[in-house]
Every structure is written in structure tokens, then in C-alpha cells.
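Predicted model only: the values in this text are computed from it and were never measured.
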Amino acid sequence: MVAYALLQMMRQSAYSNLVAESRFDTLDSPRDRAFASTLFYGVLERQITLRRIVASYCRKPVDKLDPEVLCALEMGLYQLLFLDSVPERAAVNESVLLTRKLGKQSASGFVNGVLRAFIRDGKPLCPGAEKLSPLERLSAEASAPEELCRLLMEQYGEKTARQFLLDSLEPAPVFVRANTTRVTPEKLRSELEQAGTGVEETVLPACLRLEKPGDVTAYAAFGEGRFHVQDLSSQLCCQALDVRPGMRVLDACSAPGGKTFTLAEQMENQGEVVACDLYPVRVGLIQSGAERLGLSIVHPRVMDASAPDEGIGTFDRVLCDVPCSGLGIIRRKPELKYKPVAEFEGLPGVQYGILTACARLVKPGGVLVYSTCTLNRKENEEVIRRFLGEHPEFEPYAVTKDGGFFRTLLPETDGSDGFFFSAVRRIS
């Protein structure tokens, strides 16, 4: 089942989480689902590392191998390197059997030979590392394309780029936001601990980090609307809006609604939060989530944020969490790091269009927050600096203790996803 999911990812441009859900939710055993998920995401995350290893043991170019054979090799190598619970002999034998099941009987000896040679050589993570440049070595060790490594190194320096990319190979933390209209953070923490998960406090009182939470949707507290899942970065972004009860707030790119829900809770369910998305199905997700949480001030609607509806009015606060390259969340969606950097080039123009369109909806004295889940400065600082340069009716609005008007979050320093947000205030 894992092999078919990986082959689907090879052949289609698909989101890993959707492929995993469709393939693994049918497994009856929680243990089997957990193993399948670990192996699936692990192979995706380590794809460049694994393929470099295959290349060092194979005369034929990796891209000339049959996808089924390459898939069996990647799964075997990943188990040998990163899954101590799987004995070496089992990893080899299962990979050989998988090759046959995938219809490549003639390649089973080749798969067996590569894996056994790899074991004899001591299972090197980066064969020939001494011959690689710093860029090539980072790509191999962090399993990231060289052009992505280069982008991050140029924008953040080698040390920060390396740490971020290595952090992206670790399991993503799970954070939840207490629905403070229904429960105190202390009460929710006690309830979650009684349900069997470890709970840690964070820099935000209503934000809790869960240790080994399992399926959070199975908790009674979830079904009864006492929390929703949301990364710390998004909750910090919502805090930057500085909302208060009674305000009128626009979440211009809301779906699936996490930030909308946090804003409504911060407003004590008093006022109005207009939550928009371009697609009706995604607007439905906002509606169902708001109903589960009992947030009556949330008003979902279909709207193109780059061309807001006439008559929608003006707002005290506007959030533009724009579409982006997603580089900050590659530990959650590892397929994003394999996209060519050239695909990002058109995004700043789209983002700037949404930002300028939504800026017209901000009341005098109101605050606009621009955010992304990427670390590409061309989509972040450059967009907001351009906006300020071309819109003198806005001024920077502090989001950091030292008065800075933008903030970049990193796993290493903040414990969150990679994220960016900035705030400006309308002065006329």
C-alpha cells in the first residue's frame, strides 16, 4: 500500500496528506497506519538522499530505472537507515518481494544486490561526501534540491539554511488552540492529559503543544468544540492583528478556517469575522468548523480576495494570509521542496495584487496583516516593502517587542513552522 502511494506521488502532482489519507485510512490497525505513514512520509522527505545512494550503487542513471524498482529500493534503504525497529534481513527480503509484487520479477536480484552491498559498506548516509561542495553536501544530507539550498543559503546564510532543512526532516509538532469561549486553557490541558497525551505550555496561554497525540479528532474535547488544531506560528500571526470584542474583521483567504476561529475566540465571539475563500467547498469547511466550535460571529462567504465583492464594506482588521510557495511547511508537506524554484517567480505579483485589493477595505486607523508560510524573502519582506513604498496612506505597525513591523519564525528559534507576517496601519 505504501508503494502504491509513493508511485502515485511519482506520477501525479498530488498533496502527500491527501494521498496518505486515501490510502492508509482503510487500514484497520492503528499500528499499521502509523508504520505506513512513517514509511511514506519518510521516503518522500529523504528522496534526494535515497536516490543519491541508489546512484552510487547503480550503473544505470536513476531516472532510467523503472519507477517500481526505484520505489522498492527507496523503501528498503529508508528502513535500513532510519527504522531501527525493522531488522536488516527483513528490510531486504520485503523489498525483494515488493519488487516482484509490483511486476518487476526480473529486477528482484538487482534490488537484493544493491541493498546487501549497502549493508556491507556500513550504510553510508552520504557516499563520497568528501568530494562534495558545501552546497552539494547540504543537498545530500538534508535531502533538498540544490536550488532550494542555494536560495535559503543566499537569503539566510549557510548555518540557518542548514538548520532549517535538517529540522524539516524531523516530525512536525502538533499544536492546538483552546476555544476560550468554551473552556479555559488549564481545563483543556487537564482533559487532554486524562485522554492520554502529554501537554506542554507555549508562549501563548491558549496554545498547547501535544506529545504523541494520535488522532486528535477522536478526543471528546474536539468533538465538543473545545479546541482546534493550529500551529503556533498561525496563532502568533493572529495575535499580531490585535483584535478586540466588537470589531469587524476580514480573513480574506481563510479556508480551512484556523485563523478565523482563533480571531473569533480572541474577540470572545463578539463582533463579526467575515471569512472568505475562492471555492465553495472550502467555504463549507469554514462553516462546519465554526459550527463545531460554536463561533456564531463567523460569516463564511465565497470571494476572490484579489477582487473583493462590492458592498462588503470596510473593516477594523484585515488578514491576508496569501497563497505562497509553502517552503516553511515542508516538514508537513515534503513534496513542496521538490518544486522548481522557477515556479515561485510569479507568486509575488499575485500576492501583491491580493494585498493591495484588500488594503482598500481597511478603515482609517485599522490594521492589515500580511502573512505567508514560506521563507522566500521575495514573497515576504520584498512584497510588504513594495506595498509601503507605493501606499503612503499606510505605516508600519509593530509586531515585535523591539518595534519591528515584520517577523520571520523558524523551527530552531521559535519551535513553530517556518512562517512570516507583517502588519501595517492605515493612517488616512
Side-chain angles (χ1 to χ4, degrees), residues 1-10 16-17 19-21 23-58 62 65 67-102 104 107-108 110-127 129 140-144 165-174 211-215 330-335 337-338 411:
M1 186 166 290
V2 175
Y4 291 118
L6 290 169
L7 288 169
Q8 183 178 345
M9 293 296 299
M10 286 185 190
S16 57
N17 59 321
V19 172
E21 288 173 7
R23 294 283 183 178
F24 307 148
D25 282 358
T26 58
L27 295 173
D28 294 330
S29 166
R31 182 176 180 180
D32 289 345
R33 287 196 298 272
F35 180 82
S37 181
T38 297
L39 184 54
F40 172 72
Y41 281 108
V43 170
L44 286 180
E45 289 167 347
R46 300 277 187 171
Q47 190 175 88
I48 289 177
T49 299
L50 298 174
R51 291 187 181 185
R52 278 182 174 270
I53 294 172
V54 172
S56 69
Y57 286 89
C58 178
V62 171
L65 292 174
E68 294 83 358
V69 176
L70 180 57
C71 181
L73 283 169
E74 289 176 339
M75 290 174 61
L77 289 169
Y78 184 82
Q79 292 175 82
L80 289 171
L81 278 169
F82 304 111
L83 295 184
D84 294 336
S85 61
V86 180
E88 291 180 350
R89 177 176 293 183
V92 174
N93 291 342
E94 287 300 316
S95 298
V96 171
L97 289 174
L98 175 62
T99 306
R100 295 169 181 164
K101 290 178 181 177
L102 293 175
K104 299 298 176 180
S108 59
F110 167 70
V111 170
N112 180 70
V114 168
L115 296 180
R116 293 195 180 281
F118 178 66
I119 293 171
R120 286 196 301 272
D121 290 344
K123 300 189 293 188
L125 179 65
C126 187
E141 293 177 350
S143 196
L165 290 170
L166 292 177
D167 284 341
S168 75
L169 298 173
E170 298 299 321
V174 176
E211 298 292 333
K212 299 181 180 179
D215 180 7
I330 57 177
R331 63 181 175 184
R332 298 184 188 275
K333 295 181 179 180
E335 69 276 9
K337 67 181 175 182
Y338 301 117

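Annotation: side chain of Val92 is in contact with side chain of Ile119 (closest heavy-atom distance under 4.5 Å). Within the 4.5 Å cutoff, side-chain heavy atoms of Ile330 are placed close to those of Leu165. Between Tyr57 and Leu115 the shortest side-chain heavy-atom distance does not fall below 4.5 Å. Residues Tyr4 and Leu102 have side chains in contact (heavy-atom distance under 4.5 Å, counting atoms from C-beta outward).
For the residue pair Asn93 and Arg89, no side-chain donor N or O sits within less than 3.5 Å of a side-chain acceptor on the partner.
Across Cys58 and Leu65, no two heavy atoms sit closer than the pair SG-CD2, 4.0 Å. For the pair Ala144 and Ile48, the tightest heavy-atom approach, listed with the atom from each and the gap, is C-CD1, 3.1 Å. In terms of heavy atoms, Ala5 sits closest to Phe24 at CB-CZ, 4.0 Å. Shortest non-hydrogen contact noted between Pro87 and Ser85 is CD-O, 3.5 Å.
Here CD of Glu141 is found 5.5 Å from SG of Cys126. Values are rounded to the nearest 0.5 Å. Taken from CG in Leu44 to CG in Leu39, the straight-line distance is 9.5 Å, to the nearest 0.5 Å. Going from atom CG of Leu6 over to atom CE of Met9 covers 8.5 Å, rounded to the nearest 0.5 Å. Separating the CZ atom in Phe35 from the CE atom in Met1 is a distance of 13.5 Å, to the nearest 0.5 Å. Leu169 CG to Lys337 NZ: the interatomic distance, rounded to the nearest 0.5 Å, is 5.0 Å. A distance of 9.5 Å separates CD in Glu21 from OG in Ser16, rounded to the nearest 0.5 Å.
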Please tabulate, for the side chains in residues 68-84, all donor-acceptor contacts under 3.5 angstrom to protein atoms that are two or more places apart in sequence or on a different chain.
from, atom 1, to, atom 2, distance (Å)
Glu68, OE2, Arg11, NH2, 2.8
Glu74, OE2, Arg51, NE, 2.5
Glu74, OE2, Arg51, NH2, 3.4
Gln79, NE2, Met75, O, 3.1

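Remark: the backbone N or O of Glu45 is paired with a side-chain donor or acceptor of Ser143 at under 3.5 angstrom. Tyr41 places no side-chain N or O within donor-acceptor distance of the main-chain N or O of Pro171, the cut-off being under 3.5 Å. Put simply, the side chain of Thr99 gets close to the backbone of Ser95: a donor and an acceptor are under 3.5 Å apart. Under the 3.5 Å distance criterion, the side-chain polar atoms of Ser37 are left unmatched by any main-chain donor or acceptor of Arg33.
Partners of Arg31 under the side chain to side chain contact (heavy atoms under 4.5 Å, CB included) rule, at least two apart in sequence or in another chain, are Ser29. By the side chain to side chain contact (heavy atoms under 4.5 Å, CB included) test, Glu170 pairs with no residue at all, sequence neighbours left out.
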